[in-house]
Amino acid sequence: SALVFNLGGVLGALIMATAMNRFGSRKVLLTFSVIAAALALTLAGLDSLYDANRLAPLLVIMTAAGATILGVQVGLYSVSAYAYPTAARASGVGAALGIGRVGGIISAFAGGIVSSIGEGIAPFFGGIALVVLLMTIAIAAFRRHMPPVAATTHAHERVSPAASAS
């Protein structure tokens with residue numbers, strides 16, 4: 001299931017990039033993160049998914065979870081580059097990536113602790129759902145989202161028609 005989760009992440013990153021260009025980052029990141037939370041809750045709540053004789057539903061949901069969760073992660077890298085002014089962009093993005101790495105290290109320990117709380121995998125995916133819901137709130141509260149590319153292009157064309165005449 002880890003393989004299809006990561007393959008889903010590749011697919012999600014491609015979909016995320018295309019959708020963010022067309023619709024801007026706010027709508028796309030919020031949509032992906034809400035779907036990711038729903039998928040994590042589904043993985044936490046449906047014991048029937050873990051039937052060794054019927055793996056297809058689990059693999060489909062794990063692929064979709066990878067597409068949405070990892071898709072948001074990749075999308076946030078783009079937003080972090082957009083959010084910082086040019087003079088601070090490298091430092092800002094570097095700090096964001098560093099904080100993300102620390103979060104990845106902590107999550108490995110937290111996942112082990114949460115998994116030991118109860119029987120089965122439900123507490124683990126419940127914890128993931130909680131983190132994804134918190135991420136959704138943070139994305140909604142963030143103010144410097146990327147606009148759609150078409151809106152940026154049209155705004156640029158309106159601002160500098162004199163530059164193209166010279």
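FYI, side chains are in, hydrogens and waters are out, and symmetry mates aren't considered; it's all heavy atoms of this structure.
Taking the side chain as every heavy atom from C-beta outward, Ile128 and Val132 approach each other to under 4.5 Å. No side-chain heavy atom of Val34 sits under 4.5 Å from any side-chain heavy atom of Leu133. Side-chain contact check for Ile69 versus Leu39: every heavy-atom pair is 4.5 Å or farther apart. Looking only at side-chain heavy atoms (C-beta outward), Val28 and Met16 come within less than 4.5 Å of each other. For the pair Tyr77/Val93, no side-chain contact is recorded, criterion being any heavy-atom separation below 4.5 Å from C-beta on. Between Asn6 and Leu70 there is a side-chain heavy-atom pair separated by less than 4.5 Å. The shortest distance between side-chain heavy atoms of Met20 and Ser25 falls below 4.5 Å. Side-chain atoms of Leu43 and Phe124, non-hydrogen and from C-beta on, never get closer than 4.5 Å to each other.
Taken together through direct or relayed side-chain contacts under 4.5 Å among Ile, Leu, Val, Met, Phe, Trp and Tyr, Leu55 and Leu7 form parts of separate hydrophobic clusters. Tyr84 and Leu29 fall into different hydrophobic clusters, where Ile, Leu, Val, Met, Phe, Trp and Tyr side chains are chained together by heavy-atom contacts under 4.5 Å. Note on Leu41: it does not cluster hydrophobically with Ile61, by side-chain heavy-atom contacts below 4.5 Å among ILVMFWY residues. In this structure, Leu46 is a member of the same hydrophobic cluster as Ile121, with clusters built from ILVMFWY side-chain heavy atoms closer than 4.5 Å. At a threshold of 4.5 Å between side-chain heavy atoms, the hydrophobic network of Ile, Leu, Val, Met, Phe, Trp and Tyr places Val131 and Val74 in two separate groups.
Summarising the geometry, atom OG belonging to Ser80 is positioned 10.0 Å from atom CE belonging to Met146; distances are rounded to the nearest 0.5 Å. Between the OG atom of Ser107 and the CD1 atom of Ile113 there is a distance of 11.5 Å, given to the nearest 0.5 Å. Rounded to the nearest 0.5 angstrom, Ile106 CD1 and Arg101 CZ are separated by 11.5 Å. Rounded to the nearest 0.5 Å, atoms CG (Leu14) and OG1 (Thr18) are 7.0 Å apart. Atoms CD1 and CG, on Ile139 and Leu134 in that order, are 11.0 Å from each other to the nearest 0.5 Å.
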Under the side-chain contact (heavy atoms from CB on, under 4.5 Å) rule, what do Met135 and Val72 come out as? Steps first, then yes or no, please. CA-CA 9 Å; Met135 174 184 69; Val72 168; 3.5 Å; yes
Take Val4 and Met62 through the test side-chain contact (heavy atoms from CB on, under 4.5 Å) and record every step on the way to the result. CA-CA 6 Å; Val4 297; Met62 286 297 290; 3.8 Å; yes
Checking Phe142 against Val79 for the side-chain contact (heavy atoms from CB on, under 4.5 Å) test, could you report, in this order, the C-alpha distance in whole Å, the side-chain angles of both residues, the deciding distance, and whether it holds? CA-CA 10 Å; Phe142 190 69; Val79 171; 3.5 Å; yes
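At distances below 3.5 Å, not a single donor-acceptor pair connects side-chain atoms of Arg26 with backbone N or O atoms of His145. Here the side chain of Ser33 pairs a donor or acceptor atom with the backbone of Leu30 at under 3.5 angstrom.
Between Ala44 and Ala122, the shortest heavy-atom distance links the atoms O-CB, 3.1 Å. Closest heavy-atom contact between Pro147 and Tyr82: CD-OH, 3.4 Å. Closest of all the heavy-atom pairs between Phe32 and Ala67 is CE2-O, 3.7 Å. Here the shortest heavy-atom pairing between Ala140 and Arg143 reads O-NH1, 4.5 Å.
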